[in-house]
Amino acid sequence: MTLWMIGNMAAHSVPSTLKRLLFAVKCSPLQSRCCVVQREAQYSTISSPNEKTFDKILIANRGEIACRVIKTCKKMGIQTVAVHSDVDSSAVHVKMADEAVCVGSAPTSKSYLNMDAIMDAIRVTGAQAVHPGYGFLSENKEFAKRLAAEGVAFIGPDTHAIQAMGDKIESKLIAKAAKVNTIPGFDGVVKTAEEAVKIAQQIGYPVMIKASAGGGGKGMRIAWNDEETREGFRFSSQEAASSFGDDRLLIEKYIDNPRHIEIQVLADKHGNALWLNERECSIQRRNQKVVEEAPSTFLDPVTRRAMGEQAVQLAKAVHYSSAGTVEFLVDSKKNFYFLEMNTRLQVEHPITECITGLDLVEQMIRVAKGYQLQHTQEDIPINGWAIECRVYAEDPYKSFGLPSIGRLSQYQEPLNLDKVRVDSGIQEGSDISIYYDPMISKLITYGATRAEALGRMEDALDNYVIRGVTHNIPLLREIITHPRFVSGHISTNFLPEVYPDGFKGHQLEADAKRELLASAAVLYIAAELRSAKSRFIQIIKQQCEHCVEIDGAKVEVWGALNLASPLLPLTVNGTHRMLQCQTSHCSPYVRVLSKLAAELNSYMPEKASEDTSSILRSPMPGTVVAVSVKPGDTVAEGQEICVIEAMKMQNSLTAVKQAKVKSVHCKPGETVGEGDLLVELE
Amino acid sequence: MELLSYIPDVIVTHLRISVTVPQTSLHRSCRWYSVSHLSVKERIDQKREAALQGGGQQRIEAQHKRGKLTARERVQLLLDPESFVETDMFVEHRCADFGMEQDRNKFPGDSVVTGRGRINGRLVYVFSQDFTVFGGSLSGAHAQKICKIMDQAMTVGAPVIGLNDSGGARIQEGVESLAGYADIFLRNVMASGVIPQISLIMGPCAGGAVPEIFPNWHSVTNEDVTQEELGGAKTHTTVSGVAHRAFENDIEALLNLREFFNFLPLSNQDPAPIRESHDSSDRLVPSLDNIVPLESTKAYDMLDIIHAIVDEREFFEIMPNYAKNIVVGFARMNGRTVGIVGNQPKVASGCLDINSSVKGARFVRFCDAFNIPIITFVDVPGFLPGTAQEYGGIIRHGAKLLFAFAEATVPKITIITRKAYGGAYDVMSSKHLRGDVNYAWPTAEVAVMGAKGAVQIIFRGKENQAEAEAEYVEKFANPFPAAVRGFVDDIIEPATTRKKICQDLEVLASKKQVNPWKKHANIPL
């Protein structure tokens, strides 16, 4: 069959599900996906039955990490207690646990951070130990103390280590004392430019100079030589005196193109500590990790060992027990510097489990009971490669991800694929609310080589069905297939460097575009043909082939066209592709129209676009924290109008032009939806 | 009464048009009428050519500039390619006054294009008013053309679709035009419940531009601001409830109409159509097990339930922006068209009020007339209280919905998802109104009223109200009181709802039920 394709295509007559198409471009033939690795892709599923640990553990967390901990508890034959807020009463972790206790209302401060209620839950259920997961109370020394006072085991390090590593300055001092590389620097009064140059030379170029009192990157100067140091000194000392009235300067080693690489450590209460290799977490946005992998493409065995040993030194210095993570910044010359230590189970722990075969939660529970480590450093392997993508309910087209909420109307994890692990705490029908982290799941793939793991990740992302909320899979897929990422040439600046104007969605090449159009046309035709034969039912089960001609080029599309399935596996010009059709929030947007309709479409008026400069709409669902203007006020360009908070993130909304405020449609404390009108300017 | 109230509109609106139209219209050169001694064959060709041109190229361009398609373009887009068979291409108006008799004021086919065609291979009769000819105004000839295809449609049993773009009555013809309207109205009435009549308002539709009073579905696209305020798409789809769906533009509207048409039988003699379904009929929907919140005061979206249950998540909602506390629309179950009615807890807690009762009643009667099974999802806390509702006649309007459900003889399946309180329980396709299959979800509560109100009445002035309330909840806020009496046939797991409905529809396909003979029932209008 040949059809006419017109540039602007529309699926008007196609069922609404076909209106927008998500197109996955993937070229690797399926045959190459043969399995070489025999090892179980995730972590050991066997626990030694002779070691008795706890009878009952309470998990003071929610979502995927609560589910993750419960899984291991089940494996170890331990009873589990879930805590939950009222809105989470039918959450997955609640259903998975043997018992569940409601600890308060939706806001985290009233439930998951509500120590009194959680202590009550422990007493009521008789839990012998508490696993805090990550976030919430996981690094709260007060909580650990209260548990200790009641004789309940805290599955994590002891209070001393939490406290020592919780303070940024103290942790650096301890690290320095433990002979861990820290970022060399000087903090104090620098009298002359020459003194500054001397300090800079001692540290080694490049250096960063700024006023000690200035926060963040404010007034930061980077000097690559003596001359630039003098200039930076003049600038910063002036600023220090005039802006802050404090003339102390900070001169610190500047780390160019830094990578964020962390070492997983595991220690017991008997002074043993191991390093379980590294995780590279350089792909970040707003200091939040997005894609992680283990091992890192950047480390050689010598550096790895050096980093591992320093991490263990630090752990031992604070008498660390349990699983922990030592974060380093690594510069382009493989110099590494201590950043901080996280005294908890990390979000990205599964990739370490994949390459080492250890179950970190199991190890944490064992250690908390006082058992010695089962392994020695020589036992810790790097088997293959593991990649983790954090799948978030957020709009990747807005500053690499602004939270999105909604009900997961359709949800299907790609678990049909081999060597894919999905850690999630939600299911079809779950609500992603404004109260909690918008993470949907962690998608982990594993392979003998990095290429294999990446290929599998591509498949997994293509086969992941999420409907009802906007999600970041388009961005994740772009990252893991980007030549820079594939070659391993990454740094923490990856996203802003690769997408300086923000993420705009996948840009289709001419061929891929043609194939997408052809596939869309075939779906359109399939839907049309089905409508036309409604009176004479005949179900054609066999797969059929279509030939589409676009601007003279022929595209062959082959596959069973199931119009009800969210996943449409098609073979386009001999290549396997996984298509997903979606009705909203999707790029690219494809419309299929008949030739006549496409011609007539040129007469249709363009929808008048709203004057966005004078209307302020909420970019995301959330709570209004503050409104700084009232009707009649005049605002300057860039002036803050109001602040919206969602999922722990505050967003300041500013005026794009100078204008008088016409009307205000929100007030502090109010909940607003995405696109709700907040303030109108004149 | 309603009819009369339209007439002043006709005159007012048309005055404006009758002034503007002839002035700019009739100065085209080399028209066919200036030649007198052509052969019949040539004259036929010329007339046909002129008919295709409507009001002429200039007017067509003006129509395009307004972002609107011509009458013929619309017909082409609506119907399957090459399927349009035109009738009355040579009909001209017969007005001899005000210079209308002049050749230059005559247009073959006059201001409407009529004929038959097919949508996805299924027969349909169509008329499409031509705004380029006298502003699409309705002349005697225009009305006659419409009546002709309506009569044919009735004879063979096929739907009629009217694409309206008319300034109203043709003032020059006076009473002839009014008579034309009446002729059409009569046919609308006669055809009501016999064949589906759909009207799409694609421009001005002042006065009685026809099936408006008997539309089964219609759509409005109108970009003129002042007209928009008076009676544009937004007004009629959100406030007045006259129109059932509004679309962005002509193309959207026409292509959606094709979609909609697929749901309908051709006439009341035809069964609801069946389309091949790619969605398995025994698909379980686990996400429904949690959809009803534990707190009975909390809202959820009934559309989520509907989308999850129907074939391929395809739900063609009717009147989505009017009386949103009730949801009505068409979908398919295992390929078979069904009508869906659901209370919407998200809006006014899903209470029934005047507007939602009328919206629901009209939809139920449409489904019953055209053999479309009705599936009802119930979560209703009762009728909306208040003086506005009482003064407005809620009892009379609420009775319409009850009447519609009660008299319907098509398969009726009801699912109580949560609340079914008071009189509203009776109304919402209850077992007592000849419901064929009535299910309750475990979250269902069939009761006279909510626990709090009930306790306040039963234990008025007594202490321990909270205790009594808990007892009441224990006793009545669950599906058992209804189930033990057989008022629901079964309590089902929500996940199995789709499977159960598909099985029931299969069985009910042969349902035969006849109401007692009567001239017609007397629904409380």
Side-chain angles (χ1 to χ4, degrees), chain A residues 10-18 86-87 89-92 95 406-411 427-431 467-468 526-540 560-566 583 591-608, chain B residues 63-70 73-74 76-77 80-81 118-122 223 248-259 261-262 266 270 273-280 283 285-291 293-295 298 300-301 303-304 307-308 311-316 335 337:
Chain A
H12 284 291
S13 333
V14 196
S16 55
T17 43
L18 302 185
D86 54 4
V87 292
S89 51
S90 56
V92 178
K95 286 189 212 158
R407 183 174 179 273
L408 289 169
S409 54
Q410 278 178 290
Y411 183 76
Q427 60 189 6
E428 189 165 293
S430 290
D431 265 316
R467 299 285 186 278
E528 287 286 284
L529 286 177
R530 181 174 69 161
S531 295
K533 68 178 175 204
S534 64
R535 299 181 80 199
F536 331 91
I537 290 193
Q538 45 174 45
I539 294 168
I540 301 170
L561 295 165
N562 183 328
L563 296 167
S565 165
T583 46
R591 303 172 72 202
V592 184
L593 285 178
S594 68
K595 193 183 177 207
L596 175 70
E599 279 166 9
L600 295 176
N601 199 45
S602 61
Y603 298 124
M604 294 300 107
E606 291 277 319
K607 204 180 170 188
Chain B
Q63 181 86 346
H64 285 160
K65 267 204 193 97
R66 280 192 291 265
K68 291 159 63 177
L69 300 180
T70 65
E73 286 165 346
R74 287 167 176 165
Q76 276 186 321
L77 208 51
D80 293 346
R118 290 185 184 269
I119 294 177
N120 286 317
R122 301 166 73 223
E223 54 287 344
E248 202 63 51
N249 59 42
D250 282 17
I251 291 181
E252 286 277 343
L254 289 164
L255 295 181
N256 269 287
L257 180 48
R258 280 179 66 89
E259 276 295 296
F261 190 81
N262 292 342
L266 294 184
D270 267 18
I274 301 177
R275 187 181 78 178
E276 172 195 333
S277 172
H278 290 178
D279 204 348
S280 72
R283 171 168 59 87
V285 195
S287 70
L288 294 182
D289 286 337
N290 298 324
I291 195 162
L294 294 178
E295 305 86 339
K298 244 178 109 184
Y300 59 93
D301 192 347
L303 283 170
D304 284 339
H307 282 134
D311 285 3
E312 299 169 29
R313 307 185 62 81
E314 240 184 286
F315 178 56
F316 197 101
T337 297

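Just so you know, these numbers use all the heavy atoms, side chains as well, and skip hydrogens, waters and symmetry mates.
- With a 4.5 Å cut-off on non-hydrogen atoms, Gln76(B) touches chain A through its backbone and its side chain both.
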Check your understanding: Arg258(B) and Ser531(A): side chain to side chain contact (heavy atoms under 4.5 Å, CB included), yes or no, with the steps?
Key -> CA-CA 10 Å; Arg258(B) 280 179 66 89; Ser531(A) 295; over 6 Å; no
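- Among all heavy-atom pairs drawn from Leu600(A) and Ile251(B), the shortest one is C-CD1, 3.6 Å.
- The shortest non-hydrogen separation linking Ser287(B) to Glu428(A) is CB-O, 3.3 Å.
- The line from CG of Leu77(B) to OG of Ser594(A) is 6.0 Å long, rounded to the nearest 0.5 Å.
- In this structure a side-chain-to-backbone donor-acceptor pair under 3.5 Å is present from Arg530(A) to Glu276(B).
- Arg313(B) places a side-chain heavy atom less than 4.5 Å from the side chain of Gln410(A).
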**Study point:** Verdict with reasoning, Arg407(A) to Ile291(B), per side chain to side chain contact (heavy atoms under 4.5 Å, CB included)
**Key:** CA-CA 10 Å; Arg407(A) 183 174 179 273; Ile291(B) 195 162; 3.2 Å; yes
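- Only the side chain of Ser89(A) comes within contact range of chain B, judged by heavy atoms closer than 4.5 Å.
- When all heavy atoms are compared, the tightest approach of Leu563(A) to His278(B) is N-ND1, 2.7 Å.
- Considering all non-hydrogen atoms of both residues, Asp250(B) and Met604(A) come closest at N-SD, 3.7 Å.
- Heavy atoms closer than 4.5 Å to chain A are found in the side chain of Lys298(B), but not in its backbone.
- Residues Leu255(B) and Leu593(A) have side chains in contact (heavy-atom distance under 4.5 Å, counting atoms from C-beta outward).
- With rounding to the nearest 0.5 angstrom, the OG atom of Ser409(A) is 11.5 Å from the CG atom of Leu303(B).
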**Study point:** Steps toward side chain to side chain contact (heavy atoms under 4.5 Å, CB included) verdict (Glu73(B), Tyr603(A))
**Key:** CA-CA 11 Å; Glu73(B) 286 165 346; Tyr603(A) 298 124; 4.1 Å; yes
